[in-house]
Amino acid sequence: MKEENGFSTDQEQETAVLVAVTTQKQNPVQTAEYLAELAFLASTSGVLTLASFTQNLAKPDNRTYVGKGKLEEIISYVIAKDVDMLIFDDDLSPSQVRNIEYEISLLGKEMKVLDRSLLILNIFAQRAKTVQAKTQVELAQYQYMLPRLTRMWSHLSKQRGGVGMRGPGEKELETDRRIANDRIAFLKDKLENIDKQSSTQRKHRDRMVRVSLVGYTNVGKSTLMQKLAKVDVFAENKLFATVDSTVRKVVWDSIPFLLTDTVGFIRKLPTLLIESFKSTLDEVREADILLHVVDISHPNFEEQIEVVQGILNEMGAGDKPTILVFNKIDLYNVEDVFFEGAAVDEDGNPELTKMERVTRFLKQSHWQTNTPKTVFISAEQRSNLAELRGMVMEIIKEKHFQIFPNWLDTNHLMGYNDGVVPES
Ligand SMILES: Nc1nc2c(ncn2[C@@H]2O[C@H](COP(=O)(O)OP(=O)(O)OP(=O)(O)O)[C@@H](O)[C@H]2O)c(=O)[nH]1
Ligand SMILES: [Mg+2]
């Protein structure tokens with residue numbers, strides 16, 4: 001194992017070459033962005049990207065994803081550089097994996113062939129902490145591997161550990177499909193029991209308003225959770241820092257509610273993961289209010305919003321009361337803002353802070369006008385958190401009084417009807 005102490009040294013760090021195709025459905029700019037994301041995923045799981053290859057095709061090749069000539073070019077490169085693995089940006093069918101492995105073996109080399117899903121599964125496996133998350137990931141891994149259980153797979157995994165080979169463990173990989181199927185049945189059973197327990201737990205706290213932080217991975221959900229609930233939640237500049245959902249009871253203006261931090265979404269999130277994380281995602285499904293966090297400093301944030309919205313719709317959570325929370329405004333380029341003429345206050349007051357200027361500029365942007373509820377914040381620098389809190393409180397109170405029409409503390413009703421939220 002190369003990561004015995006949780007560190008991998010430079011010499012021993014596993015290396016990868018990334019492969020993507022530009023198609024009729026995916027333009028070169030998108031391909032470049034997706035490759036950047038794939039490299040980030042690789043580095044999150046401790047793998048160093050040495051190079052990436054792309055090819056223009058009408059659609060990915062049925063047999064080997066890229067064309068034969070391109071594959072040969074890639075294989076010569078990986079042999080010359082002694083690369084540990086090939087990572088493909090799209091999901092490969094079991095037969096594509098076999099064909100690619102076969103082409104590699106013709107040149108006397110053995111190497112791991114991963115796709116985006118497997119890489120994501122691997123990161124989830126590294127990060128899952130609770131029994132539930134671990135079970136969910138293991139189930140997804142088995143379901144992914146079942147149609148791919150080949151001699152090559154078990155042979156390789158016996159020889160070398162590391163990325164792509166974690167999870168079910170080497171021993172199980174040698175076992176036949178029947179045993180894998182038994183394991184899948186066992187894990188499903190286990191999950192069902194855990195589900196029963198957690199749904200009982202959820203019922204016990206049934207009568208509290210639930211607020212869920214959702215959003216693309218790495219946008220700052222856990223950081224915001226920390227600032228809002230004053231708890232220590234693991235946040236990191238890596239993808240999928242959070243795999244387990246964290247629930248905290250928070251009391252604002254004497255009204256208690258539950259705040260949940262959830263696993264981040266990503267483009268092409270493996271369907272198997274969505275399925276096996278069903279119960280974790282129930283937190284989202286059963287939420288009263290969603291805070292959809294967006295990293296406005298990310299060049300692709302608009303597409304990320306769509307991906308998240310798409311997954312929420314698929315889950316049947318697309319029409320919940322939602323606040324679009326644009327985070328990381330501290331990273332927003334101030335010069336752009338200056339040239340848009342927003343640097344000076346309407347009253348001619350030039351004394352606006354950078355954050356105030358950025359906020360003012362963003363509030364004039366189409367994101368403000370097209371979306372019913374938006375707010376621009378910096379979780380890390382605590383900018384505009386009071387405004388966010390006010391917006392959340394407005395909906396929380398509405399929901400809370402639906403659940404508790406006789407909530408006795410009339411102090412907190414004052415000012416509620418006209419939407420005034422007491423300053424904290
Ligand atoms: N500059 C800046 N960085 C931020 C802000 N909020 C969060 N970050 C950073 O963004 C990175 C990701 O933050 P997390 O809170 O882990 O993001 P997450 O959405 O929980 O990510 P996953 O759990 O991986 O889905 C961390 O390095 C944070 O320090 C912000 O307002 N400004
Ligand atoms: Mg997180």
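We count residues from 1, following the sequence as given. One-based numbering, in listed order, for ligands and for the atoms of each. Computed over heavy atoms, backbone and side chain alike; hydrogens, waters and symmetry mates excluded.
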Worksheet entry | Short side-chain to backbone donor-acceptor contact, Q26 and T23, under 3.5 Å | no
Item to complete: At a heavy-atom distance under 4.0 Å, which protein residues reach ligand 1? Sort them by chain and number, would you?
Response: T217, N218, V219, G220, K221, S222, T223, A235, E236, N237, K238, L239, F240, A241, T242, G264, N327, K328, D330, L331, S378, A379, E380
Discussion item. With a cut-off of 2.8 Å, does T217 put an N/O/S atom close enough to the Mg ion (ligand 2)?
Written reply: no
Discussion item. Any donor-acceptor pair under 3.5 Å linking the side-chain atoms of T22 with those of T31?
Written reply: yes
Discussion item. Are F53 and Y77 an aromatic pair, judged by ring center distance below 6.0 Å?
Written reply: yes
Worksheet entry | For N62, all residues meeting side-chain hydrogen bond (donor to acceptor under 3.5 Å, both in side chains), sequence neighbours excluded | none
Identify each donor-acceptor pair in which a side-chain atom of residues 32-42 lies under 3.5 Å from a protein atom, sequence neighbours left out, and give them as a table.
{"from": "E33", "atom 1": "OE1", "to": "N300", "atom 2": "ND2", "distance (Å)": "3.0"}
{"from": "Y34", "atom 1": "OH", "to": "E303", "atom 2": "OE1", "distance (Å)": "3.4"}
{"from": "Y34", "atom 1": "OH", "to": "E303", "atom 2": "OE2", "distance (Å)": "2.7"}
{"from": "E37", "atom 1": "OE1", "to": "R116", "atom 2": "NH1", "distance (Å)": "3.0"}
{"from": "E37", "atom 1": "OE1", "to": "R116", "atom 2": "NH2", "distance (Å)": "3.3"}
{"from": "E37", "atom 1": "OE1", "to": "Y216", "atom 2": "OH", "distance (Å)": "3.3"}
{"from": "E37", "atom 1": "OE2", "to": "Y216", "atom 2": "OH", "distance (Å)": "2.7"}

Worksheet entry | Pairing residues for N99 by the side-chain hydrogen bond (donor to acceptor under 3.5 Å, both in side chains) criterion, not counting sequence neighbours | none
